[in-house]
Amino acid sequence: MLWTHTFIPTLKETPEGAEIPSHVLMLRAGMISQVMAGAYTYLPLGLRALRKAEHIVRQEMDAAGAIELLMPAISPISLWERSGRVEAFGEVLIKFAVQRPGRKVHMALGPTHEEVITDLMAHRISSYRQLPVTLYQIQTKFRNEERPRFGVMRTSEFLMKDAYSFDATLESLNESYEKMYAAYCRIFERCALEYLPVEAESGPIGGDASHEFMIPAENGEDTVLHCRDCGYAANQERAEIGTRDCSRPDVPEQPLHKVATPGVSTIEQVSALLNIRPRDLIKTLIYEADGRPIAVLLRGDHEANEAKIRRAAAVGELTLAAPEVIEAVTGAAVGFAGPVGLAGKLPLYADHDVRAMVSAVTGANEADAHLTGVCPGRDFTADHFADLRNAEDGDPCPRCSSKLTQRYAIEGGHVFKLGTKYSEALGARFLDHAEQQQSIIMGCYGIGINRILAGLIETNHDAHGIIWPVSIAPYEVLLVPMKTGDEATMQAANRLYADLQAAGVDVLMDDRDARAGVKFNDADLIGIPLRIVIGPRGLKDGRLEVKWRWEREPSMLPVEGAAAAIAEWMHHERAGSARFRKARSIAAD
RNA sequence: CGGGGCGUGGCGCAGUCUGGCUAGCGCGUCUGACUGGGGGUCAGAAGGUCGGAGGUUCAAGUCCUCUCGCCCCGACCA
């Protein structure tokens, strides 16, 4: 492709509103253009990168035995009512009605396709002989994100590969799941992405039933906990905490004392007023667990983990109690609850770390007052001790004796053993060996194609621009003739351009009549992995200049045989990104 | 949904607090000349409903009211 024939509107300055590197660089490199909050046009360069990612995903899905199909973005709202997800999704589900002669048809834009595909299988699968099967599509999804942000990372319309497995038995589901898991590893590797599969909340099947494929990145929206020694990795919602030292420090207990704290209710306010650390407080949260109030006690600097609380209390539904309920239970407004005197009124669930606290500060269960010198065991007794909080950096690993490291990450993919949730709701059953009706056991597997690009740029760029690996780069080679007016230069450039194309290399030639600085700066910005400069200077000696985007200095190559040599490099780099990986790992040190 | 910020030629910004003449600057664009290996120089030119509506005033980019959009933080996220 010739630069002057395509459309690459690069930007010299950072557009207002773009903050993180991937967003800034995709805009500046002329890959995307914003249409509205959460919706972007993919310009030619961006589309090419997107297609490359899509191609890798498709190849690996096919290789793993998944079968491609394509479902519509629109579907009848009735399907979503049957699965109960109209309520579950709420405003995130984009719903609308269209007028047909004499009636209105209600529909939704698919945020995912469990309902559509399960309905399909309900009609077309009837026997165990038709199972297992895994189907996938690469399709645009719609979610009315409450807060779209970070460029293409969180948008209301995005490209997703979603796959669904259908099995007759749990063992078979596990096999389908393993195949997808392995395919995901290959996909992220081929995209040259650093990735971390982490355990995620597993829903109805429990156990090892859900993994997220995380791309560690400073600007990631998710938090993961990772043990570098044993490899344990989980998202923050899921991460367990190893055995903690809960012994009480050998300090004298203070007497219980009530202090006036008018209008001071948050952890920050109380610790500032009393000149103590947040960790010296006991945070008392009142939840409604299946409709009954319970109290959850945490150290002041810790965060509640509702999944853990739900498990510890063995309940299904868990929500923070409404202010009226809190007042009725504790006798004080929100922000002044405390465990002292609460025992017997409702169950007290305490996090393990509370056990080690001496002379803590808590709410006094009366307006505008807190208690100091509160000692667990002496002043109140918890009914249960459990792991109830989010894991944090430095917490003990649950699998070995090491410590967990906290990292931010972008969720690039998710694999999930669904079980029979949708097949039961939508009547997708089959007849087994024993002529018994069974619900099909399902799994679902998603990859955000746009996030592959955002994740790559987020983790591979420098002050000048993007650094693409060959496998995803919009073009593999950028050919830069230094002087478009010089006949010898253009002859050599055109010939190399044709030879590279003939050798199957994706080549872009910057044939603009522009100054060297302009071309070089744009080259760095759009990040094509290999830059080839042809100019009168090198041509005198029959040589041209080659430079990988991640290298500082160029090297010279004879014009004779250059096309073949470059094609060979590309062939290797496409497959394994060996040069890219090596350069990036050196840069990381 | 709560908190904060921003809307001024294609892009990035100044001007708004303290109302006042033809609304500036940089980049980009166009024409011509010189130039030609990291955003070059000179000469000339085009291009703006100051997000929108209403109001105050002799006078509004600037003050008031409403409204639309965008960004960030938080809450939320099958």
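Below, chain A is the first sequence line, B the second, and so on; all start at residue 1.
With rounding to the nearest 0.5 angstrom, the CE atom of A/Met71 is 11.0 Å from the CG atom of A/Asp119. Interatomic distance, CD of A/Glu157 versus CZ of A/Phe142, reported as 4.0 Å (0.5 Å rounding). Summarising the geometry, atom OH belonging to A/Tyr475 is positioned 8.0 Å from atom CD1 belonging to A/Ile528; distances are rounded to the nearest 0.5 Å. A/Ile410 contributes atom CD1, which lies 11.0 Å from atom CD of A/Glu218 (distance to the nearest 0.5 angstrom). In this structure, the separation between CG on A/Leu525 and CG on A/Leu25 is 6.5 Å, given to the nearest 0.5 Å. Going from atom CG of A/Leu196 over to atom NE2 of A/His211 covers 10.5 Å, rounded to the nearest 0.5 Å.
A/Glu458 contributes a side-chain N or O that, together with a main-chain N or O of A/Ser22, makes up a donor-acceptor pair within less than 3.5 Å. Put simply, the side chain of A/Asp351 never gets that close to the backbone of A/Leu298: no donor and acceptor are under 3.5 Å apart. Formation of a donor-acceptor pair under 3.5 Å by the A/Arg389 side chain with backbone atoms of A/Asp301 is not found in this model. In this structure, A/Arg28 contributes its side chain and A/Leu11 its backbone to a donor-acceptor pair below 3.5 Å. Side-chain atoms of A/Lys519 do not come within 3.5 Å of backbone N or O of A/Asp513 as any donor-acceptor pair.
Using a 4.0 Å heavy-atom criterion, one finds that A/Ala514 contacts the bases of the nucleic acid, with or without backbone contacts as well. Heavy atoms of A/Val480 sit nowhere under 4.0 angstrom from any nucleic acid atom. A/Gly538 comes within contact range of at least one nucleobase, with a heavy-atom separation under 4.0 Å.
Rounded to a whole angstrom, the distance from the P atom of B/C71 to that of B/U8 is 14 Å. Nucleotides B/G54 and B/C73 have their C1' atoms positioned 33 Å apart, rounded to a whole Å. Rounded to whole Å, the P atom of B/G44 lies 26 Å from the corresponding atom of B/U49. B/C50 and B/C13: their C1' atoms are spaced 14 Å apart (whole Å). Between B/G38 and B/A33, the distance separating the two C1' atoms is 24 Å to the nearest Å. Comparing B/U62 with B/G24, their C1' atoms are spaced 15 Å from each other, to the whole Å. Taking atom P on both nucleotides, B/G10 is separated from B/G51 by 13 Å, rounded to a whole Å. For the C1' atoms, the distance from B/A53 to B/G69 is 15 Å, rounded to whole Å.
Ring centers of A/Phe520 and A/His464: at least 6.0 Å apart, outside the cut-off.
Remark: A/Arg149 engages A/Glu221 in a salt bridge, criterion side-chain N to carboxylate O under 4.0 Å.
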Next item on the list: Would you mind building the protein contact string for nucleotides 73-78 of chain B? One character per nucleotide, 5' to 3', B for base within reach (heavy atoms under 4.0 Å), S for sugar-phosphate only, - for untouched.
Entry: BBBBBB
Margin query: Please encode protein proximity along nucleotides 29-35 of chain B as a string of B, S and -, counting only heavy-atom distances under 4.0 Å.
Written below: ------B
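Distance A/Asn521 CG to B/G40 C1': 13 Å, rounded to the nearest Å. In this structure, A/Arg549 atom CZ and B/G38 atom C1' are separated by 13 Å, rounded to whole Å. Rounded to whole angstrom, the span from the NE2 atom of A/His464 across to the P atom of B/G39 amounts to 12 Å. Regarding A/Lys519, its NZ atom lies at a distance of 15 Å from the C1' atom of B/G40, rounded to whole Å. A/Asp524 places its CG atom 12 Å from the C1' atom of B/G39, with the value rounded to the nearest Å.
In terms of position along RNA chain B, the nucleotide closest to A/Arg512 lies nearer the 5' end than the nucleotide closest to the other residue of the pair A/Met36 and A/Arg512.
Residues A/Glu114 and A/Thr118 have side chains that never bring a donor and an acceptor to within less than 3.5 angstrom of each other. Of the N and O atoms on the side chains of A/Arg310 and A/Tyr287, not one donor lies less than 3.5 Å from an acceptor on the other residue. For A/Lys417 and A/Asn174, the side-chain atoms include at least one donor-acceptor pair closer than 3.5 Å.
Applying the 3.5 Å distance criterion, the base of B/G38 shares a donor-acceptor pair with the side chain of A/Arg531.
Of the listed residues (A/Tyr445, A/Tyr181, A/Phe416), just one forms a ring pair (Phe, Tyr, Trp, His ring centres under 6.0 Å) with A/Phe213, and that residue is A/Tyr181. Just one of A/Arg531, A/Arg515, A/Arg512 meets the salt bridge (Lys or Arg N to Asp or Glu O under 4.0 Å) condition when paired with A/Asp522; it is A/Arg512. A salt bridge (Lys or Arg N to Asp or Glu O under 4.0 Å) with A/Arg311 is found for exactly one of A/Glu201, A/Glu237, A/Glu306, namely A/Glu201.
Nearest heavy atom pair, residue A/Ser165 against residue A/Thr134, reads CB-OG1, 3.4 Å.
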Using a cut-off of under 3.5 Å, enumerate the N/O to N/O pairs linking the protein to nucleotides 43-49 of chain B.
none

Output one line per pair: protein atom, nucleotide atom from nucleotides 4-9 of chain B, and distance, for all N/O pairs under 3.5 Å.
{"residue": "B/C6", "atom": "O2'", "partner": "A/Glu16", "partner atom": "OE2", "Å": "2.6"}

Output one line per pair: protein atom, nucleotide atom from nucleotides 26-28 of chain B, and distance, for all N/O pairs under 3.5 Å.
{"residue": "B/G26", "atom": "N2", "partner": "A/Glu13", "partner atom": "OE1", "Å": "3.0"}
{"residue": "B/C27", "atom": "O3'", "partner": "A/Lys12", "partner atom": "NZ", "Å": "3.4"}

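Under 4.0 angstrom from either OP1 or OP2 of B/G69 there lies no side-chain N or O belonging to A/Gln34.
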Next item on the list: Treat a base pair as Watson-Crick or G-U wobble with both distances under 3.5 Å, then lay out RNA chain B in dot-bracket form, 5' to 3', with | for cross-strand pairs.
Entry: ((((((((.[[[[.)....(...]]]].((((((.....)))))).....[[[[[..)....]]]]])))))))....
